[in-house]
Every structure is written in structure tokens, then in C-alpha cells.
Amino acid sequence: MTSYRSNQQNAPTAFNLSSDITLSPPLSVRCKAVIDSRGQRISCSHFVVEDGYVTPDRKRQATPTRCISRAVLITDGSILPTDSDQQVSMVTVPPIEAGSPAVKMVELCPSTMTCMPGTYLVHLTCQSVGSAYEDLSPLVTRMFCTPESHDQGRPSVLWCLYFNMADGAAMEVKGHDLPSNVYVCSGPDAELGHERTITQAESIFSLILPEEEFCPPAPNPEDIIYDGENTSSSAGGEGGERGEEELKEEEVQEEVQEGELKEKEVQEEELKEVQEEEEVLQTEE
């Protein structure tokens, strides 16, 4: 069965941004908590929200009408040759006819854990000219086997969904009438990369934690020291030799302490025997 949704989705309203804010004199406005659609109150010191949750009356300007058309397909085969070992395929398909948009296609195989074995997951994205179905169904019919194409030599579409959504690249994320600790990020755009998203994330991170490094590199596994682990094991060269010497000294000290403890125990036993003999002699007298 093939299903699609060609109308643009309305912006979600799961959060009430104006329901619980505090005013601190003279002009500081901060968000204390967020109340979701179920009435649950979530306290926060900072709040990052996607543009679609911000009501129009709090935006600096109206949300642009520019949209992107998207389609998600599940197919029974790959568009690539059967001997290909690609796990993720990215293809830009030129316009099929004059006036139609170029389409960006991403195909994922089962080894990516995004679909069942024997199937493939396909994402299609383009700038909207009409509805998502009008923009993308001609390409789907040409490249895949559908009830409309009747071509058995291509991968068959097992399921598909068409939908339109706002183009995040055209959204303003600053200058809205919001509390100072509320930060807005835009939604997805039509690009395959994530440069704009990473730039936004870094900008918001620097505002919330200005003294922290954004996405610091992971440490070398050999430099990680766990609790209770001997620090000399990760040292090298002169430091490693020094660590070995210290370890030997510690072992010698432990042996000396054990010897002293045993000698003390022997002395205590001898003293105890002497005391017992004296008690016996006193009893006999």
C-alpha cells in the first residue's frame, strides 16, 4: 500500500513559552520553567527550542513561506548495481523536466540499522515548487517500480510517505521577543551536510557555556587513567623508569612492613607464653 501526505504540516505547539517566566528588576526577563502539552512543569536555567515551537506573536518577523518537499521510501532493492558494497549512497538527480527542482537522494542499506534486512531506506529532498507528491512522485515513478510505472526491472517501493516542511535555511534564529535564556535554532534544510546546524549549535553553546570548549577532541585511550589504576603504567621513557623504581620501592616497603608485623606477632606470642608460665608457678606456690 502506498500512502503520502502532500500538505504542509502545522508547527507543533507542545510547549507554552509564555506560561511561566519571571521578571527580575529592572528589565531582566528569564524563563524559569517550561510546561508541556500534558501540563508537566520542567524547571530549567536555559532553554533551546526549535523555531517551529515559537508563536508568531513572539517572532521578529513572520516565518517565511519557503518550504522543502520530502519523501521517505522503503524499497526491496538498491538503485546501485548489485555488486556495489556502498552502505550510504548520496545522489543529486537533475531536474526531470523544465521547471522541476533538482532532487537530493540518500539511500541507506540494512547494515546501517535503519531498515529491515532485505530492504533499503531512501530519503528524497528538494525545494518545493508544488506539493511534495507533485515534486517527487515523477522521480519515484522513473527510478522505482510503482503501481504507476509497471516496470519490474527496478527496485519496488514497499512503502512511501510524502510531506512538506518549512525550510530551516530561511528562518531567523535571533532577535525574537523571548526571555534572555531562551535560544532558538532552525529546523532542517534541503542540504545534505550539517555545516549550518553545527554552526548554530556552537553559537548557542558559547552563549550558555562561554568558558567551555565546544566539542573538545576525545582523549587518547592510552592517556585515560581510571580510579585505582597505577599511574606509572601510562608513563614512558624516563617517566616510565621512574615509575618502575617507585613501584619497586613500594614493594620493598610492603615486604619490610610485613616482616615487622610478623616479628611483632612472634614477640607477643613469646610474651604471652612467659606470662602463662609465671601464672602456673604462682598457682603451684
Side-chain angles (χ1 to χ4, degrees), residues 1-12 50-52 63-116 118-171 173 185-200:
M1 179 183 295
T2 301
S3 61
Y4 65 91
R5 188 181 308 161
S6 59
N7 58 313
Q8 180 182 353
Q9 301 300 304
N10 295 326
E50 195 265 327
D51 175 87
T63 301
T65 57
R66 192 172 76 181
C67 297
I68 56 178
S69 296
R70 296 202 57 197
V72 181
L73 316 177
I74 297 178
T75 66
D76 64 355
S78 174
I79 60 172
L80 298 177
T82 56
D83 57 349
S84 175
D85 59 353
Q86 295 294 326
Q87 294 183 337
V88 180
S89 304
M90 298 183 181
V91 180
T92 299
V93 183
I96 295 178
E97 56 187 20
S100 62
V103 178
K104 296 174 181 178
M105 174 186 298
V106 179
E107 182 187 73
L108 306 172
C109 73
S111 62
T112 61
M113 303 300 177
T114 58
C115 52
M116 297 291 291
T119 65
Y120 289 78
L121 181 64
V122 180
H123 292 272
L124 303 175
T125 307
C126 70
Q127 292 292 337
S128 295
V129 176
S131 68
Y133 183 77
E134 294 170 342
D135 292 340
L136 298 173
S137 61
L139 175 63
V140 174
T141 302
R142 172 173 292 191
M143 299 191 66
F144 299 94
C145 177
T146 66
E148 292 80 10
S149 64
H150 303 288
D151 189 344
Q152 301 299 324
R154 303 169 186 170
S156 297
V157 176
L158 306 177
W159 179 89
C160 68
L161 174 68
Y162 297 87
F163 60 97
N164 289 89
M165 60 187 302
D167 186 356
M171 295 180 180
V173 297
C185 60
S186 62
D189 59 10
E191 299 299 323
L192 294 178
H194 304 284
E195 294 182 5
R196 185 180 58 86
T197 302
I198 295 174
T199 300
Q200 282 190 22

Are [X] and [Y] side-chain neighbours, meaning at least one heavy-atom pair lies under 4.5 Å?
X	Y	answer
V72	F163	yes
V103	L136	yes
R154	I79	no
T75	W159	no
P110	Y120	yes
L124	R70	no
C67	D167	no
P188	M165	yes

List for me each residue that meets side-chain contact (heavy atoms from CB on, under 4.5 Å) alongside T141, sequence neighbours excluded, and say none if there are none.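 Scan of T141 (side-chain contact (heavy atoms from CB on, under 4.5 Å), adjacent residues dropped) gives T146, E148, S149.
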Show the nearest heavy-atom pair for residues [X] and [Y], with the distance to one decimal.
X	Y	value
S69	G130	OG-O, 3.9 Å
E107	G77	OE2-O, 4.0 Å
C126	P101	SG-CG, 3.6 Å
S128	N164	OG-ND2, 3.0 Å

Do the side-chain N and O atoms of T112 and Q87 include a donor-acceptor pair separated by under 3.5 angstrom?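 Looking only at side-chain atoms, Q87 and T112 do not form any donor-acceptor pair under 3.5 Å.
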Does the side chain of S186 come under 3.5 Å of the side chain of E50 through a donor N or O and an acceptor N or O?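 No donor-acceptor contact under 3.5 Å links the two side chains.
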Inter-residue atom distance L161.CG - Y133.OH, 0.5 Å rounding: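 If I round to the nearest 0.5 Å, the distance is 13.0 Å.
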Before giving the answer on side-chain contact (heavy atoms from CB on, under 4.5 Å), spell out for V88 and V106 the whole-Å C-alpha distance, their side-chain angles and the decisive distance to 0.1 Å. CA-CA 7 Å; V88 180; V106 179; 4.2 Å; yes
side-chain hydrogen bond (donor to acceptor under 3.5 Å, both in side chains) with T197: which residues, sequence neighbours excluded?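 For T197 there are no side-chain hydrogen bond (donor to acceptor under 3.5 Å, both in side chains) partners, ignoring immediate neighbours.
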Only pairs at least two apart or in different chains count here, so list each salt bridge (Lys or Arg N to Asp or Glu O under 4.0 Å) that has a residue in residues 185-195.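 Residue pairs with at least one partner in residues 185-195: K104-E191, D189-R196.
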How far apart are the C-alpha atoms of M105 and T92, what are their side-chain angles, what is the distance that settles it, and do they pass the side-chain contact (heavy atoms from CB on, under 4.5 Å) test? CA-CA 6 Å; M105 174 186 298; T92 299; over 6 Å; no
